[in-house]
> 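Please find one structure pasted underneath; my questions will follow.
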Amino acid sequence: MPPPNDARVYDVKRRRQKRSRNHQKKHQSHSRSSSALAPVTVIIITGETEDGDLLAAPARWYHDDPPPILWVSGVISPRGRMPSMERGDKAVARIMAYQADHAFPLATPPDYEARIIRCLNQERHPEETHRMGVFRQTDDQGGRLAPIVKGDRQEIIIPPDACGDAQDEDLVLVEITSEPSRYRRRIKQGRVLAVRGAVNTASALSLIALEQHNIPVEFPDDVLAEAAQATLPDMTGREDLCNLDFITIDPQDARDHDDALWVTADDDPTNAGGWRAIVAIADVAALVTPDSALDREAARRGNSVYFPDRVVPMFPERLSTDLCSLKAHNERPSLAAHLIFDARGILQSHHFTRAIIKPAARLTYTQVQNAINGSPDATTKPLVETTLKPLWAAWSALDKARQHRQPLDLELPEYRITLDDVGSPTGFEHRTRLEAHRLVEEFMIAANVAAAETLTRKKIPALYRIHEAPTKEKLDDLELFLRTLGIKFNQGTTLKPAQFNTILTQTKDGPFDALAGEIILRAQSQAIYSPLNLGHFGLNLRRYIHFTSPIRRYADLVVHRALIQTLSSNKTPVEEPGPLADIAEHISQTERRAMAAERDTLDRYRACFMEHNIGHNYEARITGVTRAGLFVRLENTGGDGLVPIRRLKPSGFYRHDETRNALFDKSTRYVFQTGMSVTVQVIEVAPFSGGVVLDLIDGGERQSWAKNTAKQKHSRRKYSRRRN
């Protein structure tokens, strides 16, 4: 019998030989299919499909044949939110075989499907050489740049002679002067290019998003010069509607007013109980001519971007808040949509005119709602009988038509950040959705539909707002997720928004109310702009166009120019489908960029507010489960936070069940599942990145749990043999 040491040596040698044989088998399998991809690999975004889904390729490809086409069909994430990614971004993804039954929007199907596991934020746009972060002084009079992007942990060293005027805790822009190489694993070095101000100021939170997402803030000199010389256009030949009491209805803090409304009962005897409405939209095309400096800059920006403390407008303020804006008691040029509805709220006819209007009042949603509820103020009291009541009666008819159409009825909770005098967050208010909001929304949808039908009938190229039905894979994931909540979802043969509304009705006012709405929203396709009319699934409309906000969306300005062509005897050609496709792709990207910037800024404001509430307890609901812990939604702010798995109570060995979206411990039989209510405590906050770490105070349930019993028994037998 060999001595114990020899036995150990023999056992180690035997295991090495086994590993070597397995490696040879793996190498032989790989050599037989040299172009096959690993189950998990790094991909790089190469483009997108017409419905907004991303296309990718392997980040590294050393074979002679072309790299395979990867369709980014989803995301492997506890929150399921597709990250904002652009061409050139990298990510770790799980690679799967493409299923032929999936609805792929291009003629050539992809080779594989890819589901994002993690974005490599630190590798975004490797050609870029600038970073923004927080400057921290070091003992050698130099400094280091602390990252401000969530998930980025790599700091940049700033030598003493490269710090410039930066002071400790300043927000700075740094140029990277040396990169880590493949063979020398040194830390990046850089030099300070600009100081953006102290990071402890409230304005720094939105400034970070502007720099991070490359959103232009300052207007070029030629654009400002052109805006300064702009004047109101000649009103000759326009339809005079100044005698009608138009009103604008906007949020309290709105400075640009795109749209105004006027409604009266239709006096046509053949349309008994019908309504005549005019939706007047600011005629921006009268002041901004194609290919001017203003037009080129608006096209580059794509849209206005809104933050809690500032607005980055698409046009200079000379236009956006003055000449183009439909200001009360001021004559302004407009493009008027004349709409005729029957008693059921169905649009019977429509036409467009270039008009002059003089709004009678500038009202807020709260003002209008209070007035119709019987509490008018000095401004709304003279308008209740003549303007507001007819407007409400007409909306009641439109709402009946909407209920019959059954669009997707998502009403997710919204929170408004309250700021103090210096712009620091002081709290969050739940934003109540009033009837006044629904009223304005329904008239704007009707005007957009009328614009789409006009351009379609005239066969004029236009930018459609399209929203395709969810993909088969997203529906399968949704069905699986709803099953964990005890909710049945039957996809059926023809998918309609009403099927989602049934789920929302079942969960209304229940524990899964907000969560059901959020996961249904995640399952939807991305709405984009396109020269092709593919319909709008969410609104359940055959054709749809954005027409009502030309001050803040470039797509609406393009539509205005197409509509004006239908009114002019001089048939000036509009953009051909080719240029329109380029415009549609660009402004769809700027829209996603704006949404990502606004979302990141809200997360930072929430984290900044929570920084002053470390140690406080909050009620929350589990929205996602991962091996790292629980993602929860705080009920008082609407923000997200992470409860690390080590912070779960009672402590134990928790396993992740992907099929049930839960963490469970077999010894204590405690389960944490998506949708459960928990009590958490704030223990750590990173306000610059928007991250919040929480401790579990109370929550979870004791349940009997069986997960893949046969597989677990097999694993135990295998482990037992290994030990023996």
> Quick one: pull up CG in Leu482 and CG in Leu478 and give me the separation to the nearest 0.5 Å.
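If I round to the nearest 0.5 Å, the distance is 4.0 Å.
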> Distance from Tyr618 atom OH to Arg633 atom CZ, nearest 0.5 Å?
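The distance works out to 16.0 Å.
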> Are any non-hydrogen side-chain atoms of Phe428 and Leu634 less than 4.5 angstrom apart?
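No, too far: nothing below the 4.5 Å cut-off.
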> Can you give me the closest heavy-atom contact between Thr601 and Ser206, atom names plus distance?
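Closest approach of Thr601 to Ser206, heavy atoms only: CG2-CA, 3.9 Å.
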> Would a 4.5 Å heavy-atom cut-off, applied to side chains only, mark Arg483 and Glu479 as touching?
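Yes; the side chains approach each other to less than 4.5 Å.
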> Parallel, tilted or perpendicular: which one describes the rings of Tyr415 and His430, with boundaries at 30° and 60°?
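Aromatic pair Tyr415/His430 classed perpendicular.
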> Any sub-3.5 Å donor-acceptor pair from Ser424's side-chain atoms to Asp420's backbone N or O?
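It does not hold such a pair.
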> A side-chain contact here means heavy atoms from C-beta on lying under 4.5 Å apart; do Thr674 and Phe481 qualify?
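Contact flag for Thr674/Phe481 side chains = yes.
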> Report the C-alpha distance between Arg647 and Ile683 in whole Å, list the side-chain angles of each, state the deciding distance to 0.1 Å, and finish with yes or no for side chain to side chain contact (heavy atoms under 4.5 Å, CB included).
CA-CA 11 Å; Arg647 295 281 182 176; Ile683 59 173; 3.5 Å; yes
> Answer whether the closest heavy-atom distance between the side chains of Trp61 and Leu37 falls below 4.5 Å.
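With C-beta onward as the side chain, the pair touches.
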> Rounded to the nearest 0.5 Å, what separates atom CZ in Arg196 from atom CG in Leu171?
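Here the rounded value is 8.0 Å.
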> So does Gly615 get a backbone contact from the side chain of Gln681, meaning a donor-acceptor N/O pair under 3.5 Å?
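Yes, the answer is positive, given that a donor and an acceptor are paired below the 3.5 Å cut-off.
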> What are the two closest non-hydrogen atoms of Ala209 and Ala597, and how far apart are they?
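Answer, listing the atom of Ala209 first, then Ala597: CB-O, 3.8 Å.
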> Spell out, as yes or no, whether a donor-acceptor pair under 3.5 Å connects the side chain of Glu598 to the backbone of Tyr306.
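Looks like yes, one N/O pair under 3.5 Å.
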> Working to the nearest 0.5 Å, report the span between CZ of Arg669 and CD of Glu701.
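Answer for the CZ-CD pair, Arg669 versus Glu701, is 13.0 Å.
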> Under a 4.0 Å threshold between the charged nitrogen and the carboxylate oxygen, would Arg599 count as salt-bridged to Asp603?
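No salt bridge links Asp603 with Arg599.
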> If you compare all heavy atoms of Leu475 against all heavy atoms of Pro470, which two are closest, and at what distance to 0.1 Å?
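That would be CD2-CB, 3.8 Å.
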> May I have the step-by-step check of side-chain hydrogen bond (donor to acceptor under 3.5 Å, both in side chains) for Arg606 and Thr637, ending in yes or no?
CA-CA 7 Å; Arg606 290 189 181 100; Thr637 68; 4.6 Å; no
> Any chance you could lay out the side chain to side chain contact (heavy atoms under 4.5 Å, CB included) test for Asp477 and Arg115, step after step, and finish with the verdict?
CA-CA 12 Å; Asp477 291 343; Arg115 299 190 69 185; 3.1 Å; yes
> Which heavy atom of Asp665 sits nearest to which heavy atom of Gly652, and what is that distance?
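Heavy atoms of Asp665 and Gly652 come nearest at OD2-CA, 3.4 Å.
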> Can you tell whether the side chains of Lys508 and Asp409 come within less than 4.0 Å, N to carboxylate O?
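Not counted as a salt bridge, because no side-chain N and carboxylate O are separated by less than 4.0 Å.
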> Check whether Lys188 reaches the backbone of Ile176 with its side chain - one donor and one acceptor, N or O, closer than 3.5 Å.
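Absent.
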> For Leu210 and Phe307: C-alpha separation, side-chain torsions, deciding distance, then whether side chain to side chain contact (heavy atoms under 4.5 Å, CB included) applies.
CA-CA 10 Å; Leu210 293 173; Phe307 298 107; 3.4 Å; yes
> Given Leu70, which partner from the list Ile95, Leu54, Leu55 fulfils the side chain to side chain contact (heavy atoms under 4.5 Å, CB included) test?
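It is Ile95, the one option of Ile95, Leu54, Leu55 that forms the side chain to side chain contact (heavy atoms under 4.5 Å, CB included) with Leu70.
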> Distance-only, no hydrogens or angles: does the Arg621 side chain make a donor-acceptor pair with backbone N or O of Gly675 under 3.5 Å?
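Yes; judged by distance alone, with no hydrogens or angles, the pair exists.
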> Quick one: pull up CD1 in Ile519 and OG1 in Thr623 and give me the separation to the nearest 0.5 Å.
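Between atom CD1 of Ile519 and atom OG1 of Thr623 there are 11.0 Å.
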> Search all heavy atoms of Ile417 against all heavy atoms of Pro425 and return the closest pair with its distance.
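Closest approach of Ile417 to Pro425: CG2-CB, 4.0 Å.
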> For the pair Asp168 (side chain) and Gln137 (backbone), establish whether a donor and an acceptor sit closer than 3.5 Å, ignoring hydrogens and angles.
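Answer holds: yes.
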> Are more than 12 heavy atoms from other residues, nucleotides or ligands located less than 6.0 Å from atom CZ of Arg627?
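Atom CZ in Arg627 is not packed in, count stays at 12 or less.
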> When rounded to the nearest 0.5 angstrom, what distance separates CG in Leu193 from CE in Met132?
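Here the rounded value is 10.5 Å.
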> Quick one: are Phe672 and Leu696 in side-chain contact, heavy atoms under 4.5 Å?
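They are in side-chain contact.
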> Test your reading of the model: is there a side-chain donor-acceptor pair from Arg702 to the backbone of Thr668, 3.5 Å cut-off?
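Checking the backbone N and O of Thr668 against the side chain of Arg702, a donor-acceptor pair under 3.5 Å is found.
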> Given side chain to side chain contact (heavy atoms under 4.5 Å, CB included), test Leu515 with Ile622 step by step and report yes or no.
CA-CA 9 Å; Leu515 182 60; Ile622 300 175; over 6 Å; no
> In plain terms, say whether Arg136 and Glu155 are close enough for a salt bridge, that is, a side-chain N and a carboxylate O under 4.0 Å apart.
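No, Arg136 and Glu155 are not salt-bridged.
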> Does Glu211 reach the main-chain N or O of Leu207 with its side chain, forming a donor-acceptor pair under 3.5 Å?
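Side chain of Glu211 to backbone of Leu207, a donor-acceptor pair under 3.5 Å: no, none is there.
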> Return the minimal non-hydrogen interatomic distance between Gly691 and Ala607, and the atom names on each side.
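That closest heavy-atom pairing would be O-CB, 4.3 Å.
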> Kindly indicate whether the side chain of Phe664, heavy atoms from C-beta on, has any atom under 4.5 Å from the side chain of Asp657.
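Yes, their side chains come closer than 4.5 Å.
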> Do Ile43 and Ile116 have side chains that get closer than 4.5 Å, going by heavy atoms?
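When only atoms from C-beta onward are counted, Ile116 and Ile43 do touch, with a gap below 4.5 Å.
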> With heavy-atom distances below 4.5 Å as the criterion, would you say the side chains of Thr505 and Thr502 are in contact?
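Thr505 vs Thr502: side chains apart.
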> Do Thr426 and Thr418 have side-chain atoms, one donor and one acceptor, less than 3.5 Å apart?
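On atom types as modelled, these side chains qualify, holding a pair under 3.5 Å.
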